[in-house]
Amino acid sequence: MKRLSRATLAIAAALSVSHSLAVTRGGTLVYGRYADSLFLDPVLNDANLDIWILTNLYDTLLQPTADGKGVQPGLASRYSASADGKTFTLTLRPGLKFADGSALTSADVKWSLDRARKPDNGAWSSSLASIDSITASGSTVTLKLKQPDPTLAAALATFNAAIMPQKLFTAAAGATDADKAKAFAEKPIGSGPFVLSEWKKGSYMVLKRNPYYWQKGTDGKALPYLDSVRFEIIPDDNTRILKLQAGEIQGAEFIPLSRVSELKANPNVNMTLFPSTKVNSILMNNRPTLKSGAANPLSDVNVRQALNYATNKDALIQVVTYGTGKAMTSYMSSTTPLFDTTQKGFPYDLAKAKSLLAKSKYAGGFEVSVLATSGSADDLALLTALQQMWAAIGVRLKIEQVDAATKTARYRANDFQMRTAAWTNDINDPSQITTYYAVYDNVESVHTGFKSAEIDKLFAQSQQELSRVKRASDYRRIQTLYANAAPIIYLYETPYPVALSKKVGGFVQIPLGNNIFSGAWLDK
Amino acid sequence: MSNSYVLRRLLQIIPTFLAVMLLVFLLVRLLPGDPASAVLGDRATAEIVERTNRDLGLDKPLPVQFLIFVQHLLRGDLGDSISLKVPVLRLIGERLPITLFLTVYAAVLGTLLAVPLAVLAAVRRNTWVDAVIRAVFQVGLSLPVFYVALQLLTLLGARLGWFPIGGYGVTFGDHLYHLFLPALTLGLNLAAVLVRTLRASVIEVLTAEYVEFARAKGMATRVIMLRHVLRNALISTVTLLGLNIGALIGGAVITETVFAIPGVGRLMVDAIFGRDYPVIQGLTLTFAVLVSLVFLATDLLHARLDPRTELS
């Protein structure tokens with residue numbers, strides 16, 4: 001399957017090279033989204049629905065590369081760290097402008113980053129927490145750090161570090177930063193490839209090309225190629241596909257994996273599976289007792305490992321993801337930097353599962369309950385398959401369907417035994433998923449209650465480790481320790497399924513999820 | 001029908017309104033999960049959730065929250081949507097007309113379909129015509145709305161290309177064109193309810209003594225149909241339409257999702273999933289007022305059509 005998606009990518013890449021000699025300029029690309037954005041401020045919001053639009057409107061100093069593994073220059077053409085790692089210097093490109101034509105200066109950069117790193121501002125301020133002070137002079141921005149920070153370049157390439165126009169923002173109506181953000185987000189001005197021209201909430205959003213965008217296309221003229229992108233909100237999967245087939249839209253996101261092969265066979269549709277950082281797993285409550293006071297078999301590592309070995313990932317990949325997934329071998333996706341390729345994960349091994357369970361107090365099996373999102377066909381397919389797989393070692397799986405808000409509330413209160421979960425990275429660095437999944441202090445290791453003093457120590461060390469080789473070895477050890485403790489059920493990685501009209505070229509969704517329309521074009 | 005009756009009925013809406021307000025206020029807070037968690041998602045830390053709840057005033061005791069809500073309401077302020085961060089009143093103002101358009105459109109299509117067919121079935125009762133009409137609508141009634149919606153979309157939208165797939169359009173003509181399939185979906189469902197009841201009442205009228213008498217007098221069938229039968233059919237249609245207005249709005253929730261129409265039905269679904277309290281409260285109050293007004297209008301129309309009705 002991996003080979004197949006690679007082949008698809010290779011073909012897509014080859015096509016885009018041959019096409020790039022003759023890209024078409026102009027036109028409007030109509031793209032079907034499953035839900036609308038909520039609030040377009042990069043600092044105060046962090047829903048994927050917003051992030052994936054924000055990155056088209058606002059630019060960052062650095063940018064994630066298309067493979068999602070590295071960082072490349074953005075508004076800053078050059079960046080360097082001092083030998084002790086405590087000073088980070090960036091040089092802005094000459095003549096940068098915001099979408100209204102006003103100049104983008106290093107003062108805007110200082111102001112934007114100061115706003116983004118203010119501890120009260122949003123959930124993302126911590127990504128810039130290592131910055132002690134910022135100075136701006138001419139085209140140079142200097143960041144003084146409290147300690148060396150190997151994640152900083154990736155953090156500066158992340159949506160919350162977007163550069164906003166200080167003058168326009170402070171001139172917006174309202175007394176507080178939050179009020180001004182509300183007013184500004186109605187008509188945001190950034191320096192990204194597009195600018196918001198019309199937004200009818202819940203219905204559609206139109207982004208027009210930013211005539212002042214700095215990046216050049218293959219034809220030597222300024223990007224983007226498209227005149228505009230129109231996002232239509234079409235919540236129903238079938239309707240989105242029908243609209244694409246009828247030619248009313250030229251792109252549709254979140255295609256159900258069950259329809260991928262059908263759309264691949266359609267000669268007018270370019271069904272693409274973009275590699276993602278999405279990992280799908282089942283979180284387990286590792287605590288000795290449950291919220292109800294009952295004893296919890298999942299507190300025994302033998303039980304947790306047994307369940308992992310009793311999970312036939314290849315079968316699940318066929319049944320639930322229609323062959324589009326790939327077995328997880330680490331808690332992080334294989335597209336995450338410092339993913340350790342030597343990790344084995346938990347290959348299906350029923351004999352091993354049985355012997356592990358026999359070592360525990362629950363040799364005769366037990367009942368375990370799992371929270372599923374009601375109405376999610378994927379959750380149901382997955383869990384009914386697991387019911388059968390785990391029955392083979394005497395474990396009875398009880399499925400409890402609740403709506404998403406209830407699921408979140410129970411998860412937050414540690415009031416669950418198991419739950420389905422998915423994760424995607426927002427930043428090109430393994431530290432984000434690690435703080436959530438493996439380090440206790442942030443959210444109790446995604447509320448599993450898992451705690452490892454050694455992981456905590458290794459992680460703290462890796463956060464200041466400037467040598468990539470040493471950092472990689474820290475992460476190899478973290479991934480191994482995590483697998484041995486098995487606080488979650490390792491399932492599979494899944495791609496981003498996007499269906500595009502054959503007329504569309506150059507569109508990319510990177511593994512972090514960002515939709516990149518700046519290099520997209522539309523054949524007439 | 002006196003003006004004082006109308007005024008009294010309008011005043012009666014106020015206690016209903018207050019009761020609904022209190023009920024909804026308490027009900028949404030009984031739901032597990034809070035808006036901050038729903039907006040922030042799984043990843044937020046406990047501190048951020050707590051801070052957001054404090055910013056939203058949700059850490060205050062319930063009676064205080066309710067008082068603030070009523071105070072704002074008296075000033076005509078329904079609050080701001082938690083997830084969309086815009087005034088609820090503006091959201092409703094933008095989206096309600098779309099749902100009303102769809103509902104009225106569906107009611108018109110449903111009536112246009114149901115009345116002639118019901119009369120036909122009644123006149124030709126117990127023939128094959130009657131059997132076919134009744135069978136078709138019986139099936140129509142038992143099919144789920146989303147299924148009918150998808151079939152119409154696939155056939156008339158995608159395969160034949162006669163109608164656009166989803167959306168709302170810009171001009172009035174556009175609306176009529178874009179909303180035809182969703183309105184037909186809802187209209188078919190409504191017609192199924194109407195046909196059954198209408199057929200029965202038309203049969204009743206047809207066998208009534210005064211119709212027999214009119215026939216005996218030699219009055220033309222067409223005149224009998226217009227003057228007696230249709231007038232009666234209209235009375236029951238109006239009542240049934242009024243009673244089904246709630247069902248129509250409920251059906252709109254599904255059709256608005258399938259046909260990608262940005263109406264209040266979809267807004268409500270999103271608000272419930274997102275635990276967006278102000279939006280849920282604002283919409284419920286709007287629905288309560290609307291349904292009350294429709295019931296009043298139904299009663300008044302009923303009285304106008306049937307002089308025997310006494311309004312008191």
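Note on naming: letters A, B, ... go to the chains in the order of the sequence lines (proteins, then strands), and numbering restarts at 1 for each one. Bear in mind the structure is a predicted one, so any value in this text is a computation, not a measurement.
Of the listed residues A:A35, A:G32, A:P235, A:A178, the one with more heavy-atom pairs under 4.5 angstrom with chain B than any other is A:P235. Your options are A:A404, A:S203, A:A246, and the one with the most heavy-atom pairs under 4.5 Å with chain B is A:S203. With chain B as partner, the option from A:K201, A:K407, A:R240, A:Q245 having the largest number of non-hydrogen pairs under 4.5 angstrom is A:K201. For the options A:R412, A:H447, A:K243, heavy-atom pairs under 4.5 Å to chain B are most numerous at A:R412.
A distance of 11.5 Å separates CD1 of B:I165 from CD1 of A:I241, quoted to the nearest 0.5 Å. Between atom CG of residue A:D120 and atom CZ of residue B:R51 there is a gap of 5.0 Å, rounded to the nearest 0.5 Å. Here CG of B:L84 is found 7.5 Å from CG of A:D36. Values are rounded to the nearest 0.5 Å. Distance check, rounded to the nearest 0.5 Å: CD1 of B:I261 to CD1 of A:I233 gives 14.5 Å. Atom-to-atom distance recorded for A:E232:CD and B:Y168:OH is 14.5 Å, nearest 0.5 angstrom. Residue B:T52 holds its OG1 atom at 10.0 Å from CG of A:L44, rounded to the nearest 0.5 Å.
Remark: A:K182 engages B:D80 in a salt bridge, criterion side-chain N to carboxylate O under 4.0 Å.
For B:T154, the parts lying under 4.5 angstrom from a heavy atom of chain A are both the backbone and the side chain. Contact of B:P164 with chain A is made through backbone and side chain together, with heavy-atom distances under 4.5 Å. Only the side chain of A:D403 has a heavy atom closer than 4.5 Å to any heavy atom of chain B.
Listed by first and then second residue, the side-chain hydrogen bond (donor to acceptor under 3.5 Å, both in side chains) pairs involving residues 89-102 of chain B are A:E186-B:R90, B:T99-B:E256 (not counting sequence neighbours).
Contacts between residues 262-273 of chain B and chain A, defined by a heavy-atom separation under 4.5 Å, are made by B:P262, B:R266, B:F273.
Enclosure of atom CD in B:Q151 by more than 12 non-hydrogen atoms of other residues, nucleotides or ligands within 6.0 angstrom is indicated. Around atom NZ of A:K118, no more than 12 heavy atoms belonging to other residues, nucleotides or ligands sit under 6.0 Å away.
Between A:E248 and B:F163, the shortest heavy-atom distance links the atoms OE2-O, 4.5 Å. Considering every non-hydrogen atom in both B:R275 and A:A405, the closest pair reads CZ-CB, 3.4 Å. Taking every heavy atom of both residues into account, B:P32 and A:A409 meet most closely at C-CB, 4.4 Å.
A:L242 is not listed as a side-chain neighbour of B:R159, based on a closest heavy-atom distance of 4.5 Å or more.
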